[in-house]
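I have placed the structure first, in the form of structure tokens, so that the comments after it can refer back to it.
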Protein chains: 2
Amino acid sequence: MEIELILKYISRHIDLSDKEKSILVEHVKVRDYLKGQFIVQQGDVCKYESYVISGCAKTFFIDQEGNEHVVMFAIENWWTADLGSFITQQPADYNVQCLEKTKVAQFSHTSLEQLYAQIPKLERFFRIIIQNAFVASQKRIVRNLSLTAKERYLIFREQYPDIEQRVPQYLIASYLGITKQFLSKIRAELIMEN
Amino acid sequence: MEIELILKYISRHIDLSDKEKSILVEHVKVRDYLKGQFIVQQGDVCKYESYVISGCAKTFFIDQEGNEHVVMFAIENWWTADLGSFITQQPADYNVQCLEKTKVAQFSHTSLEQLYAQIPKLERFFRIIIQNAFVASQKRIVRNLSLTAKERYLIFREQYPDIEQRVPQYLIASYLGITKQFLSKIRAELIMEN
DNA sequence: AAAGGAAGTGAAACTAGATTAACAAAATCT
DNA sequence: AGATTTTGTTAATCTAGTTTCACTTCCTTT
């Protein structure tokens, strides 16, 4: 069933015995969300790290002026949470909202600490996952500082073609740090250019 | 001596036995750099994760147009490396250059893998360190997307007052993603305002 | 102390991207 | 199928931040 997926995914990075797999499974909750539902809400403590089995979600926040900013998307095989809130168990800065019917596998904070104690290899697993996320995050900062909106859009399209198909344009604009009008202009230019 | 510092720092997050401490010490190299020297050079493989014992370094890269972009600073008790390069052992995208005479404790890639094998708790340590770095990186993205240059400068000043003192303004401007002229203008405005 | 480079300031002209507003096209609902 | 809401487009005006260039101040180094 669905749980197999996450075990397989974890096994890409570390080896798990059958015993360990069953311990893990005991601590995971699979949960379904409808389109529009929130996995995390700004102000609440982020209770889970969620692994997306199917569907799609956006992480965003609302700034002082009431504008929405998309921080990241998550699709199949990605993790999503307000990690800062999850780690510290303080109120979340971000919202995570489903853009489609979405199925996730969730680890609570206490479950995860117990899992770390029982399966120390999981520390390695999450270290690797987060290391990669950090490197990607740094690259994004660099791109935001050194590239134009058009260049960033082209890279996004190339890097996440699947996300581009599934997500409305104005959310992609927000992720890129531009307005939907400007993205629309960029797209019109790109069509002209060839 | 200096090595004590890093052991103390690690002990803030995990408990190390004397045995483990001595294993660790065997794998660390302390190295001194002069002002201007490079810890990592764009194009080379990043051989070490470096923990700054004293001094200060900048991580930066040169874009297509030849402009320098500061990605981050590192002072006492910070880690520095091109983590992407270090993990994959592929050529580095970034340079790490000392802004002062700088003393670091370095872990090579193979040393670190051996340490992970011998002291599994270190996986936990680095997971926590990188988790925090990732959260900070995400926050920086969010600030870059939602705040003006002036707001970002004020936050930077508050968050890293020590760095602001030690580092030339034009590097801070670069870190903030603006020109030195514009930072100068912001500073003039701030002085006017009170 | 003089000289030369590195860092910081100021001002004018410019541009990437924002804002506003009006409209068009899809998607969703009844 | 028609109505309503959600997305996407176009265009005019505006602004935060850039660019260029000239000038100043501050470090170094001799």
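Chain naming here is simple, since letters A, B, ... match the order of the sequence lines and numbering starts at 1 in each.
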Does the structure place the NZ or CZ of A:R127 under 6.0 Å from the centre of the six-membered ring of B:Y116, at an angle of no more than 45° from the ring's axis?
yes
Can you tell me the distance, in whole Å, between the NZ atom of A:K185 and the P atom of C:dT15?
13 Å
Taking B:H109's backbone N and O only, do any of them form a donor-acceptor pair with B:S111's side chain (distance below 3.5 Å, no angle check)?
no
Which whole-number value in Å describes the distance from A:I191 CD1 to D:dT9 C1'?
11 Å
Value in whole Å for how far the P atom of D:dA16 lies from CD1 of A:I178:
19 Å
Does B:T179 put a side-chain nitrogen or oxygen below 4.0 Å from OP1 or OP2 of D:dT18?
yes
Partners meeting side-chain hydrogen bond (donor to acceptor under 3.5 Å, both in side chains) with A:K103 (sequence neighbours left out):
A:E2, A:D32
Could you list the cluster mates of B:I155? Members are the ILVMFWY residues connected by side-chain heavy atoms closer than 4.5 Å, either directly or through other members.
B:L147
Just how far, in rounded Å, is P of D:dG8 from CD1 of A:I186?
14 Å
Nearest to the side chain of B:S184 - C:dG17, C:dT19, C:dT9?
C:dT9
Show every side chain to side chain donor-acceptor pair (under 3.5 Å) that has at least one partner inside residues 155-165 of chain B, sequence neighbours left out.
B:Y153-B:E164
Between A:E151 and A:T148: side-chain donor-acceptor atoms closer than 3.5 Å:
yes
Distance check needed: D:dT19 P versus B:L183 CG, whole Å only.
15 Å
No-hydrogen, no-angle side-chain donor-acceptor test under 3.5 Å, B:E76 and B:S54:
no
Just by distance, do the side chain of A:D82 and the backbone of A:Y94 share a donor-acceptor pair under 3.5 Å?
yes
Cationic N near anionic O, under 4.0 Å, B:E68 to B:K58:
yes
Could you state the atom-to-atom distance from CZ of B:F182 to P of C:dG8 in whole Å?
17 Å
Could you tell me if the ring centre of A:Y9 sits under 6.0 Å from that of A:Y51?
yes
Give the B/S/- string for nucleotides 22-30 of chain C, one per nucleotide from 5' to 3', where a protein heavy atom under 4.0 Å of the base yields B, of only the sugar-phosphate yields S, and otherwise -.
------S--
In whole Å, what is the span from the CZ atom of B:R187 to the P atom of C:dG8?
8 Å
Find the bend of the helix from C:dA1-D:dT30 to C:dT30-D:dA1 as the angle between its two terminal axes (five pairs each), to the nearest 10°.
50°
note: A:N67, atom CG; C:dT20, atom P; distance rounded to Å ~ 10 Å
Using a strict heavy-atom distance below 4.0 Å, which residues from residues 139-177 of chain B are in contact with DNA chain C?
B:P168, B:Q169, B:Y170
Can you classify the ring geometry of B:F156 versus B:F73 as parallel (below 30°), tilted (30 to 60°) or perpendicular (above 60°)?
tilted
